[in-house]
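Just so it is clear: chains get the letters A, B, ... in the order the sequence lines come, proteins before strands, and each one is counted from 1. Keep in mind the model is a prediction, meaning the values are calculated, not measured. These numbers come from the heavy atoms of this one structure, side chains and all, not from hydrogens, waters or symmetry mates.
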2 protein chains.
Amino acid sequence: MTNLTEQDPSCTSISCQHCGLYQLGLSMGLDSADTSLPDRYIKRKFMLKRGQVLYRAGEEFTSIYSIRSGSVKTYISTDDGRLQITGFHVPGELLGLNAIGENRYNCEAVALEASSVCKISLECFQEIALQIPSVNYQMLRMMSKEIKHHQDLMLLLGKMSAEERLATYLLSLSRRFALRNYSPNQFNLSMSRGDIGNYVGIAEETVCRIFTRFQEEGLIIIRRRHIILTDIERLSVIAREPYQPPTVARYPLEI
Amino acid sequence: MTNLTEQDPSCTSISCQHCGLYQLGLSMGLDSADTSLPDRYIKRKFMLKRGQVLYRAGEEFTSIYSIRSGSVKTYISTDDGRLQITGFHVPGELLGLNAIGENRYNCEAVALEASSVCKISLECFQEIALQIPSVNYQMLRMMSKEIKHHQDLMLLLGKMSAEERLATYLLSLSRRFALRNYSPNQFNLSMSRGDIGNYVGIAEETVCRIFTRFQEEGLIIIRRRHIILTDIERLSVIAREPYQPPTVARYPLEI
DNA sequence: CGCCCTGTTGAATCTGGTCAAACTAAGTGG
DNA sequence: CCACTTAGTTTGACCAGATTCAACAGGGCG
């Protein structure tokens with residue numbers, strides 16, 4: 001996802017549209033009146049190396065994280081060590097919120113590449129919530145969104161063929177990029193074939209085979225981690241989705 | 001699930017341990033002080049016939065429901081009509097809460113058999129929340145629980161063999177029954193083989209085949225909808241779960 | 001430059017899906 | 001009360017898609 005990082009506009013704490021706090025509806029109360037709030041609250045920005053862990057399942061819930069650049073995967077695991085990736089997360093998305101019910105993270109988050117992350121501590125977050133009551137409601141909305149995402153993934157895992165899964169996957173990536181003003185037709189995959197296969201529930205080798213099949217059929221051009229979607233409409237047919245023309249970004253972002 | 005209904009204790013609005021409101025932590029403020037609250041709020045109790053719809057996906061969020069007897073399935077669907085069952089719900093469980101973020105239900109709920117249900121309107125619910133602030137927190141907890149449940153299901157759908165899926169399924173049913181003081185070794189399946197298969201992501205026929213295999217191996221005795229788990233330990237091995245002795249019910253219930 | 005990780009391809013295998021048919025239990029209506 | 005219908009379940013035969021195993025290619029990085 002190097003092209004993402006390149007395109008990433010320089011990001012000050014006030015104008016930063018990538019800052020996930022926008023998704024909590026904080027823009028409402030903050031932009032006009034008290035412009036110092038974000039600086040006070042978005043305490044620590046730091047870098048993650050590829051493979052570095054942001055938090056582990058079962059760990060105490062201390063902070064939420066907003067991705068500024070790079071990408072992060074989250075996954076859960078069985079007792080005997082099998083993993084199921086539950087999401088890939090790109091700049092502008094918030095991580096860790098679902099820990100709020102149990103007070104501990106229920107999945108593990110690991111950087112897929114060098115990534116920049118904002119850490120917002122729980123206390124800061126609660127202080128924000130006090131000042132801006134709608135934050136509570138926004139949190140419910142975000143958990144709802146997450147449930148929706150899980151439901152989509154369950155349908156994918158339970159009911160779709162390998163081709164459908166991959167077409168669906170590529171289209172969903174494309175849509176999320178479009179939403180953030182990146183090209184919906186051309187992007188880098190920051191995750192390995194193995195990660196993709198794990199996420200959509202098929203073997204790594206099947207991912208390869210189907211990608212080459214898609215390429216032979218003129219749907220995509222793929223070379224290692226770089227992919228061009230050359231026929232989104234036909235991909236939509238395979239994924240059995242109604243074709244959706246690219247959406248323009250709005251803020252606060254819909255995930 | 002006829003045996004469930006038979007065992008179901010008579011259920012007044014005050015002492016009703018099955019009433020899902022206990023899960024919202026309402027017992028704390030209510031039991032001692034204002035014993036009239038439940039009567040005021042748990043307005044409508046009514047019966048559902050088998051196959052009757054409680055709510056549909058996309059419908060406006062008007063009420064949450066607490067199951068008093070019987071059972072209900074919830075499911076989501078693709079554009080082209082394939083369904084994925086996301087849960088089977090038994091007495092004591094609350095339904096519809098996850099609609100709170102989007103203000104519309106995100107799945108469909110249908111009775112599996114004749115069932116009795118309490119309807120709690122949104123307004124009533126909000127009034128309760130005003131009087132008992134902890135309700136907000138309890139809601140977050142419950143959404144967290146739901147996310148946890150989805151994660152388990154995703155692991156099942158994405159990473160498990162057919163045998164593991166069914167063993168896991170039977171054990172999870174057993175555990176939920178134990179939690180409600182029903183027998184963990186012997187119960188009725190209120191859902192069809194097709195529903196079971198849909199839920200765990202395998203074909204109806206595979207469900208049958210594996211159930212008979214389990215029976216031949218002395219793990220279960222199954223005859224139509226009635227099942228006896230004769231070797232829970234060995235089932236746990238197949239499901240790759242650590243063996244858990246049956247848990248006794250506590251209130252408020254953990255789902 | 002050489003190693004290592006990731007990705008790709010082929011071949012054999014197998015799990016689980018599909019289709020079809022028989023069977024059971026429970027209604028339903030005459 | 002019995003014949004008939006229907007929905008649900010079970011079993012068998014066959015097959016396809018996906019997994020597994022193995023070998024190999026090629027980039028990237030020290």
**Report entry** Whole-Å distance separating the CZ atom of A/Arg225 from the P atom of D/dC29
**Finding:** 11 Å
Sort me out a list of protein N/O and nucleotides 16-22 of chain D N/O pairs below 3.5 Å, or just none if empty.
unit_1, atom_1, unit_2, atom_2, d
D/dA18, OP1, A/Ala162, N, 2.7
D/dT19, OP1, A/Ala203, N, 3.2
D/dT19, OP2, A/Ala203, N, 3.0
D/dT19, OP2, A/Thr206, OG1, 2.4
D/dT20, O4, A/Arg209, NH2, 2.8
D/dC21, N4, A/Glu205, OE2, 3.3

Requested in this report: Find the distance B/Leu189:CG to D/dG8:P and express it as a whole number of Å.
Outcome: 15 Å
Query raised in the report: Think A/Thr212 has a side-chain N or O under 4.0 angstrom from the OP1 or OP2 of C/dT9?
Result: yes
Requested in this report: Check the distance between C/dG17's C1' and B/Asn198's CG and give it to me in whole angstrom.
Outcome: 14 Å
Query - Ring geometry between B/Phe46 and B/Tyr65 (parallel below 30°, tilted from 30 to 60°, perpendicular above 60°) - result: perpendicular
Report task. Can you tell me the distance, in whole Å, between the CD atom of B/Glu113 and the C1' atom of C/dA26? Result -> 16 Å
**Report entry** SB check B/Glu59 B/Arg104 (cutoff 4.0 Å)
**Finding:** no
**Report entry** B/Glu93-B/Ser66 side chain donor-acceptor pair, cut-off 3.5 Å
**Finding:** no
**Report entry** Residues B/Tyr243 and B/Glu233: side-chain donor-acceptor under 3.5 angstrom
**Finding:** no
Query - Phosphate OP1/OP2 of C/dT6 contacted by A/Arg50 side-chain N/O (<4.0 Å) - result: yes
Query raised in the report: Are B/Arg234 and B/Glu217 within salt-bridge range, i.e. N to O under 4.0 Å?
Result: no
Query - Protein-nucleotide distance (A/Asp195, atom CG; C/dC5, atom C1'), rounded to Å - result: 14 Å
Query - Rounded interatomic separation in angstrom, taking CD1 from A/Ile222 and P from C/dG7 - result: 9 Å
Report task. Evaluate the ring pair (Phe, Tyr, Trp, His ring centres under 6.0 Å) criterion for residues B/Phe187 and B/Tyr182: first the C-alpha distance (whole Å), next the side-chain angles of each, then the deciding distance (0.1 Å), finally the verdict. Result -> CA-CA 8 Å; B/Phe187 43 88; B/Tyr182 300 126; over 10 Å; no
Query raised in the report: Got a sec: does the CZ of A/Arg82 have more than 12 other heavy atoms crowding it under 6.0 Å?
Result: yes
Query raised in the report: Would you call the rings of B/Tyr169 and B/Phe88 parallel, tilted or perpendicular if under 30° counts as parallel and over 60° as perpendicular?
Result: perpendicular
Query raised in the report: So do the side chains of A/Asn106 and B/Ile147 get within less than 4.5 Å of each other, counting heavy atoms only?
Result: yes
Report summary line: Whole-Å distance, A/Ile227 CD1 to C/dT6 P, equals 19 Å
Report summary line: When pairs are called at under 3.5 Å and a stem needs at least three consecutive Watson-Crick or G-U pairs, the stems of DNA chain D are C:1-30 with D:1-30
Requested in this report: Just call it for A/Arg223: base, sugar-phosphate, or nothing, with non-hydrogen atoms closer than 4.0 Å on any strand.
Outcome: sugar-phosphate
**Report entry** Value in whole Å for how far the C1' atom of D/dA25 lies from CZ of A/Arg224
**Finding:** 10 Å
